[in-house]
Amino acid sequence: MKKLKKQGKNWRKFWKLGVDELNTQFFNVSKDAELTVTEGHHIYNLHDLALKYGTPLQLIFPFILEDRLKDLIGYFQAYMKIYGYKGKFFYHYPMKVNQNKEFILPLLSEGANLEVTSANELWLVKKLWEGEKFNSKIRVLCNGPKTDSYIDLIEELRSKGMNIVPIIEGMDEVERLSKYKGDIGVRVDLSIKTDSHWDKKFDRFGLSEKDALGLNKMKNLKIMHYHMGSQIKTQKSIFEGVKYGFDIYTQLQKIHPSLDTLDIGGGFGIPYEKKKFYTAKGVSSKIIKILKNLSDRAGIKHPNLVVEWGQYIVAPAQVTIYKVLYEKIIPKANAKAWYVIDGSFMNDLKDTWAIHQRWHIIPANNMHGSLKTTWLAGSTCDSDDKYTAGGNYILLPKIHENQDQFVAVLDTGAYQDALASHHCLLSAPMKIVVADGTIKIARKRETADSIGRLFGWTNGDHK
Ligand SMILES: *Cc1c(COP(=O)(O)O)cnc(C)c1O
């Protein structure tokens, strides 16, 4: 620890900022030891924003979304060209990863197509379509169990001219969807293991390989889709899925010659812990190489490729900031003190609790300060509301009297919002959008009254 206190220490490096492969290339430490984000010639000081808008605070950076998507589409298209691959590339953004308008609109304008999982998500797409935020080239894939209202909405949007493709999810959908007038797809539950958080033993999604290969010929079957799980740990797993999926694809195509698109789903991971990780550039190159070689060997047309990497695109585009309310000494543990924050892991960063998600948590101010080993506690009265980095510790500055300490959680843009809750009726973080040198409030801080309403407490009721 002594070394850290030396003058001239490279704090940017110490906090693992400014590194492309760790998705921190836009983050830096200012001369005043505060956390900054750089967008072109705009530099945002996150400590100043936390002081100005209060905490808990979620900051959305649309330029990070745009940058990531542009790069991803660029990689696939470039490698297709380099390797002489004849199929086309399509990115479909899986809406469930983050349905906030502030995420969806920039992605659409950067060339994303969509993938939805429910009638209610599709209803948002309908609103976009009616509001002309949508051009008719954008294709929408529909996953998830098809209730009657879901199928009705799919058919309504198709009749209005939307390029919308239902994906058969279960055998009981086959009959109704085979009568569908547009293109359809089928989801196959590949019987291979992946190293991700996905309960493979009891997977219930899509058709088994046997059922899929037993389907009668469908003239409008265009897409074979599979999805192996989220936050896949190794690139090897991704490649094995592609190889295995391609094999099923060729068998299916013999029965349904209209099949021309392989959709490899989501699952590309994020280096949440800022350790060495596989890269989109490397993986996209290898996927195209694999598909090119396999289809040439099988003597079939190179399939069009759909990729639905959601977490990969959106997680780094949001940061959540909390204030440390106070510290409590821990007598005997890996960490010396609890830092109690003015928000909740259980409410706002649900995966901390649900799947033991790790985060990169760094100070937003005093980034040159002397450090302490800490555990973080949320403000609900629940003993599960905590983050201990898996029982290890989080290094944060020592608390100074008369100065608030803020902590920033990076990569919070994926999944957390739709899972968020109101345990102890805490307010959700305020949401601001940081773009082009200006700050816009996207969601105000919830008040006691607005939360009370969610629980039926309207004015005049409580007599
Ligand atoms: C959840 C999901 C995705 C996105 O997964 P990520 O791990 O976020 O990339 C993509 N496709 C389908 C069908 C999904 O269910």
Side-chain angles (χ1 to χ4, degrees), residues 16-28 36-40 42 44 46 58-80 89-115 138 227 230-232 235 238 263-288 305-320 357 359-360 408-417 431-436 442:
K16 304 204 162 88
L17 305 179
V19 185
D20 271 319
E21 299 80 63
L22 303 180
N23 302 323
T24 59
Q25 64 269 44
F26 304 112
F27 292 79
N28 204 344
T36 64
V37 170
T38 303
E39 173 190 13
H42 302 294
Y44 310 105
L46 302 200
Q58 287 173 341
L59 304 97
I60 302 169
F61 299 98
F63 81 95
I64 295 182
L65 292 172
E66 291 160 5
D67 188 78
R68 296 179 73 72
L69 183 55
K70 205 188 302 173
D71 280 357
L72 184 68
I73 294 175
Y75 295 146
F76 275 104
Q77 288 179 340
Y79 288 118
M80 283 180 162
F89 176 75
F90 299 93
Y91 176 75
H92 281 255
Y93 173 62
M95 259 181 93
K96 77 158 189 289
V97 186
N98 190 322
Q99 300 97 336
N100 282 291
K101 201 170 150 189
E102 293 77 12
F103 280 73
I104 306 271
L105 294 184
L107 292 174
L108 287 178
S109 64
E110 209 51 64
N113 297 278
L114 293 173
E115 184 265 344
I138 297 172
H227 172 72
S230 273
Q231 191 63 17
I232 295 172
Q235 55 182 6
I238 298 178
D263 174 353
I264 66 169
F268 198 100
I270 285 284
Y272 285 104
E273 297 178 73
K274 306 305 166 203
K275 289 178 189 150
K276 204 170 152 52
F277 209 72
Y278 56 83
T279 65
K281 190 163 183 277
V283 170
S284 55
S285 161
K286 187 83 191 278
I287 288 175
I288 298 305
L305 175 66
V306 169
V307 162
E308 302 176 352
W309 296 341
Q311 179 155 234
Y312 169 77
I313 296 290
V314 303
Q318 182 178 285
V319 173
T320 307
Q357 175 72 62
W359 306 101
H360 188 49
V409 187
L410 303 199
D411 305 313
T412 62
Y415 294 109
Q416 305 314 300
D417 251 38
K431 211 184 267 301
I432 60 174
V433 178
V434 183
D436 304 319

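These figures come from a predicted structure and were not determined experimentally.
Between the CG atom of D263 and the CD atom of E115 there is a distance of 7.5 Å, given to the nearest 0.5 Å. Atom CG of residue L59 and atom OG1 of residue T320 lie 8.0 Å apart, to the nearest 0.5 angstrom. Taking NZ of K275 as the start and CG of L22 as the end, the distance is 11.5 Å to the nearest 0.5 Å. Here OG1 of T38 is found 6.0 Å from CG of N28. Values are rounded to the nearest 0.5 Å. Rounded to the nearest 0.5 Å, atoms CG (N98) and CD1 (I313) are 12.5 Å apart. A distance of 9.0 Å separates CD1 in I60 from CD1 in I432, rounded to the nearest 0.5 Å.
Across every non-hydrogen atom of F277 and I270, the tightest pair is CE2-N, 3.7 Å. Here the shortest heavy-atom pairing between E102 and L65 reads O-CD1, 4.2 Å. The two residues P271 and N23 come nearest to each other via the heavy atoms CD-ND2, 3.4 Å. Taking both residues in full, the closest heavy atoms of K16 and K274 are given as CD-O, 3.3 Å, listed atom of the first, atom of the second, then distance. In plain terms, the two heavy atoms of L46 and F61 that are nearest each other are CD2-CZ, 4.0 Å. The shortest non-hydrogen separation linking I232 to G266 is CD1-O, 4.3 Å.
In this structure, W359 and Y272 have perpendicular ring planes: the angle between them is above 60°, well past the 30° mark.
For the residue pair Q311/Y415, the side-chain donor-acceptor check at 3.5 Å is not satisfied.
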List the steps, then state whether side chain to side chain contact (heavy atoms under 4.5 Å, CB included) holds for I288 with L305. CA-CA 9 Å; I288 298 305; L305 175 66; 3.9 Å; yes

Evaluate L72 against F268 for side chain to side chain contact (heavy atoms under 4.5 Å, CB included), listing each step before the verdict. CA-CA 12 Å; L72 184 68; F268 198 100; over 6 Å; no

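The closest donor-acceptor contact from the side chain of E66 to the backbone of I64 lies at 3.5 Å or more, if one exists at all. T24 places a side-chain N or O within 3.5 Å of a backbone atom of G18 that can act as its donor or acceptor partner. The main-chain N or O of T412 is found under 3.5 Å from a side-chain atom of Q318 such that the two form a donor-acceptor pair. No donor-acceptor pair under 3.5 Å is formed between the side chain of R68 and the backbone N or O of V314.
For the pair Q58/D417, a side-chain contact is recorded, criterion being any heavy-atom separation below 4.5 Å from C-beta on. The closest side-chain heavy-atom distance from Y79 to K286 is not below 4.5 Å. In this structure the side chain of Y93 never reaches within 4.5 angstrom of the side chain of L69, judged on heavy atoms. Two residues are said to be in side-chain contact when any heavy atoms from C-beta on lie closer than 4.5 Å; L114 and L108 meet this criterion.
The aromatic ring centres of F76 and Y91 sit 6.0 Å or more apart.
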